[in-house]
> 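To start, I am sharing the structure in question, which I have written as structure tokens.
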2 protein chains.
Amino acid sequence: MALRHAVLAALLGGDFSGYELAKEFGLGVANFWHAQPQQLYAELAKLEAEGMVVGRQVVQESRPNKRLFRVTDTGLAELERFAAAPSKPSFIRDDLLVKVQAVDRLGTGPVIEQLDARAAAAEAKIELLGKLLVRLRGDADEEEFLRRGRPIGPYLTCRRGLAFEEEHRDWCRSTAAVLRERQVLRAER
Amino acid sequence: MALRHAVLAALLGGDFSGYELAKEFGLGVANFWHAQPQQLYAELAKLEAEGMVVGRQVVQESRPNKRLFRVTDTGLAELERFAAAPSKPSFIRDDLLVKVQAVDRLGTGPVIEQLDARAAAAEAKIELLGKLLVRLRGDADEEEFLRRGRPIGPYLTCRRGLAFEEEHRDWCRSTAAVLRERQVLRAER
DNA sequence: TCCAGATACTCAAAAACATGACTAGTCTTG
DNA sequence: CAAGACTAGTCATGTTTTTGAGTATCTGGA
């Protein structure tokens, strides 16, 4: 039920085509929701049918035409309703954690490799999000921006994404270190 | 495709019935996967049909009989295969973050309330996980347990869950504080 | 003694999410 | 100048996850 709201929330940041929206979902929006492009096209079509967004054709030369979508008052009202309704709790759901859970009975080599890869991926994302934060707040310093800057929503969700990635990286590193040390100890006996 | 592996990994910790497994999924396993009881019963039936687990009837007086499941060698081999395959990246997907994203154009009151509620829920879970960690490591101190304790898998995933909840709580608190301060500033103007 | 809650499951349906294949022109880079 | 990536989508199918309702017995507390 919430993909639609994620789309509406993303469209508050400007008018986007399905294609552009997909790119947003690859970066900023990825901090709170994840979806394939096909899903977005489908959802936009539904939202338009329900009057939550309106699309307008933009004719382009030298590349395919596109349809830009804008949130309507109906859509904004729906978001307002959604914001006041209770949220469901959020969980982690992660392949790699399943593997770590089972690590006592499994070969640890591949798991350690994947932990390293994940840590590196998280590190890259941290860099990216750091830059995104700077871009979002312009030339204000953070404290000042938090007090008065706009838009504040995307900034706050981005901070959450950043903290998540940092935590993720740290856990991957320390877990890989623990498993490595145990490998060494086992080899010694 | 990974629920089955989460079930297998959970069953490594001992033999469980569907009902007991559901309780595991409410606590320790919740740190890396989430599923409804109905899903678990269905998955266990499939896994049994495929020979990944075996069930045995346990007759009980004064309460319904149950079927305990154990992972077979086939199941363990499947876990091994899974552990060596590449993992998909993990994302956050959270209703509340969607609301925060849109907060510039919405009434902030309900969002702040929900942030407070979430922070409190996270705090409660932190307590719980703290206790679970102590129980898992017995009387060893943490450093020693990480080096030699067993089983280490559940301990490591539990640490991840704990770090996640702490980060979540902190973000909820600081975000609520930011939004409150901005409300005050807006009222003053 | 009644009622809520725990134990132990089952069945069915709907919603959400993921995957793969396809079209078709343009722009960039080696 | 060819290969590959980018723009801008569509269509179909399959899997996973969620939601709701139901059954039946037993225990513990007001």
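Source: prediction; values computed, not measured.
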> Rounded to whole angstrom units, what separation is found between the CD atom of A:E61 and the C1' atom of D:dT7?
15 Å
> Given atom CE of B:M1 and atom C1' of D:dT17, what is their separation to the nearest angstrom?
15 Å
> Take atom CG of B:N65 and atom C1' of D:dA24, then tell me their distance rounded to the nearest Å.
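Nearest whole value for this atom pair: 12 Å.
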> Does any residue of residues 46-60 of chain B have a heavy atom under 4.0 Å from DNA chain D, and if so, which ones, in number order?
none
> Would you say B:K23 reaches C:dT7's phosphate, i.e. side-chain N/O to OP1/OP2 under 4.0 Å?
yes
> Looking for any heavy atom pair under 4.0 Å, which part of the strands does A:R93 touch: base, sugar-phosphate only, or nothing?
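Sugar-phosphate contact only - A:R93 comes under 4.0 Å of backbone atoms but never of a base.
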> Can you work out whether B:K88 or A:A2 has the more 5'-proximal nearest nucleotide on DNA chain C?
A:A2
> Which residues in residues 5-20 of chain A have a heavy atom closer than 4.0 Å to any atom of DNA chain D?
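Heavy-atom contacts with DNA chain D come from A:S17, A:G18, A:Y19.
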> B:R105 and side-chain contact (heavy atoms from CB on, under 4.5 Å): which partner among A:L76, A:V71, A:L8?
A:L76
> What's the CZ-P distance between A:R67 and D:dG9, to the nearest Å?
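After rounding, the reported distance stands at 9 Å.
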> Between D:dT25 and B:S62, is there an OP1 or OP2 to side-chain N/O distance shorter than 4.0 Å?
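So the side-chain polar atoms of B:S62 never come under 4.0 Å of the phosphate oxygens OP1 or OP2 of D:dT25.
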> In residues 35-45 of chain B, which residues come under 4.0 Å of DNA chain C by heavy atom?
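Contacts with DNA chain C under 4.0 Å: B:Q38, B:Y41.
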